[in-house]
Amino acid sequence: MWCKGQLAVVLLLFFLCDAFAQPRFKGKKIIAKYQKPAVVEYVEPRAGAPQTVTAQCTDSEVIVTISPDLLGIQKPVQPSDLSMGGCGVTSPAGAQPFVIEAPLQGCGSTVEMQGAEIVYSFTLVYNPSPIDGLPIVRTNPAVVQIECQYNRLHNVSSKALNPTWVPYTSTISAEDILGFLLVIMSSDWSGPSSSNTFFLGDLINLQASVDNSNHVPLRVFVDRCVATPGSNASAPAYTFIGNSGCFLDSQLTGSNSQFVSPRVAQSVLQFQLDAFRFYGLTTSSIFITCRLKVTLASANVDSLNKDCSYNSALSQWSSVDGNNAVCSCCDTICANPPPFRRGPGAPRYRPRRASEVSVPAGWEETVSVGPLFLEQVSPLSSVAQSLSGQQAEIDSGFQASILGAVVGVLAVSCVAVLFLVYRKANGIVNTKQ
């Protein structure tokens with residue numbers, strides 16, 4: 001009897017422990033509160049086939065689903081040949097379709113503000129490996145761009161603003177979120193470029209801007225820009241703008257890279273980059289990452305807040321905003337401006353420098369564009385091919401004209417001979433009569 005009572009107590013404790021234990025998920029993942037389909041774009045050409053890559057954006061990650069027949073040619077790809085910013089397939093071995101789960105701020109992602117949206121971009125790469133034991137492949141590489149788009153959140157305060165004797169500065173909130181943009185523009189600057197393919201010798205038009213709606217007037221600067229052949233941090237990098245807004249590429253290589261002057265607006269800065277490729281790399285893609293920042297438009301530019309171009313012919317720097325003196329440090333190291341001189345003869349008042357204005361930390365941001373593709377074939381070659389084709393058409397037309405003329409002459413000659421024979425025959429007949 002005592003044994004039965006003890007067994008009942010044990011069973012009761014087991015039941016209570018199981019009832020209050022944490023819920024167990026049998027191989028199923030917790031579904032995120034936020035889920036939205038990603039934007040998928042096939043960069044490299046592939047056979048016409050149904051969508052073979054889909055993606056879901058959650059509040060913390062992107063879940064990419066890849067069909068084994070990625071290229072749509074009935075040749076399955078190997079999961080080991082798939083990667084996204086250094087992250088591989090996360091689904092169990094042998095499971096199909098393949099799945100890659102990547103955090104929004106990992107796996108080579110880039111973040112960009114586009115109007116009222118925050119866009120996280122990923123690059124899915126398929127790089128086929130040789131067939132086992134053979135030095136050949138039967139599939140082409142492929143690149144798929146994946147974007148997760150989220151609505152931006154704005155901090156809004158209903159508190160009234162009190163008048164101040166210092167214009168605007170007391171109304172600036174450290175929690176302001178500004179919309180920074182870096183866009184590849186068309187050749188005439190009329191709008192965003194419809195193509196991201198360029199040739200060596202082209203000037204790539206780029207435009208940095210900030211949306212200062214409902215803000216005090218702001219001036220945007222390009223503080224630093226770095227080009228890389230890939231979106232991962234281990235790729236080689238080339239800093240073409242540095243030292244707080246100095247366009248180093250034109251000084252280092254004598255290129256035509258420059259900031260466009262004058263500005264179209266204080267909140268917009270346009271610049272041109274002379275197209276280039278990374279030496280020794282087979283990839284033709286380039287990603288551009290720039291750090292943008294703003295100051296009050298009323299503040300004077302200084303050595304830390306400037307944008308300077310280098311003129312190779314004159315061997316001198318010039319500022320987009322007119323004060324070339326702030327560019328003098330581009331040949332050394334640009335640091336804080338010297339302190340204001342005090343003492344006898346010094347002016348009592350002076351303009352405030354941009355670096356002295358209390359600028360919120362949110363007034364600068366790193367943004368990226370890419371990939372840009374640099375083609376090895378110059379557009380002149382296509383022009384030459386077109387001209388050679390036109391010349392061939394002209395030659396063939398000329399030859400046809402000559403042939404037609406020869407045929408016409410022969411036809412006239414034949415008619416004349418026949419006419420003479422006819423006349424001679426008629427003369428003989430009349431003589432006999």
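Along the sequence shown, residues carry numbers from 1.
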Check whether any side-chain heavy atom of [X] sits under 4.5 Å from a side-chain heavy atom of [Y], and report yes or no.
X	Y	answer
Leu374	Ile286	yes
Gln270	Phe259	no
Asp307	Arg263	yes
Thr123	Gln145	yes
Ile288	Cys290	yes
Trp363	Leu218	yes
Leu203	Leu273	no
Leu304	Ser244	yes

Looking only at atom types and distance, does a side-chain atom of [X] sit under 3.5 Å from a main-chain N or O of [Y], one as donor and one as acceptor?
X	Y	value
Asp69	Pro76	no
Asn243	Thr332	yes
Ser285	Pro229	yes
Arg219	Ala299	yes
Gln51	Val53	yes
Arg291	Glu364	no
Ser368	Thr289	no
Ser284	Phe373	no
Ser83	Cys87	no
Asp274	Asn256	yes

Could you label the plane-to-plane angle of the Phe278 and Phe276 rings as parallel, tilted or perpendicular, counting under 30° as parallel and over 60° as perpendicular?
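Ring orientation, 0 to 90° scale: perpendicular.
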
Spell out, with a plain yes or no, whether Cys334 and Cys246 have SG atoms under 2.5 Å apart.
no

Could you measure the distance from the [atom1] atom of [X] to the [atom2] atom of [Y]? Nearest 0.5 Å is fine.
X	Y	atom1	atom2	result
Thr90	Met84	OG1	CE	8.5 Å
Ile184	Ser195	CD1	OG	9.0 Å
Leu372	Leu206	CG	CG	7.0 Å
Leu70	Leu82	CG	CG	6.5 Å

Between Ser129 and Asp81, does a side chain to side chain donor-acceptor pair (under 3.5 Å) hold up when you go through it step by step?
CA-CA 7 Å; Ser129 56; Asp81 295 337; 3.1 Å; yes

Can a cation-pi geometry be assigned to Arg224 and Phe247, taking NZ or CZ under 6.0 Å from the six-membered ring centre and within 45° of the ring axis?
no

For a side chain to side chain contact (heavy atoms under 4.5 Å, CB included) with Phe271, tell me which candidate from Val222, Val320, Ile204 qualifies.
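For Phe271, the side chain to side chain contact (heavy atoms under 4.5 Å, CB included) check succeeds only for Val222.
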
Among Ser315, Ser255, Cys327, which residue meets the side chain to side chain contact (heavy atoms under 4.5 Å, CB included) test with Tyr310?
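Of the listed residues Ser315, Ser255, Cys327, the side chain to side chain contact (heavy atoms under 4.5 Å, CB included) partner of Tyr310 is Ser315.
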
Does Ile333, at its CD1 atom, have more than 12 non-hydrogen atoms belonging to other residues, nucleotides or ligands within less than 6.0 Å?
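No, not enclosed.
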
If we count only N and O atoms by modelled type, under 3.5 Å, do the side chains of Asn311 and Trp317 hold a donor and an acceptor together?
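No - no donor-acceptor pair under 3.5 Å links their side chains.
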
In terms of side-chain heavy atoms, does Asp249 have a donor or acceptor partner in Ser257 at a distance below 3.5 Å?
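There is such a pair between these side chains.
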
Less than 4.0 Å between a side-chain N and a carboxylate O, is that true for Lys306 and Asp321?
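Salt bridge between Asp321 and Lys306, a charged N being under 4.0 Å from a carboxylate O: no.
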
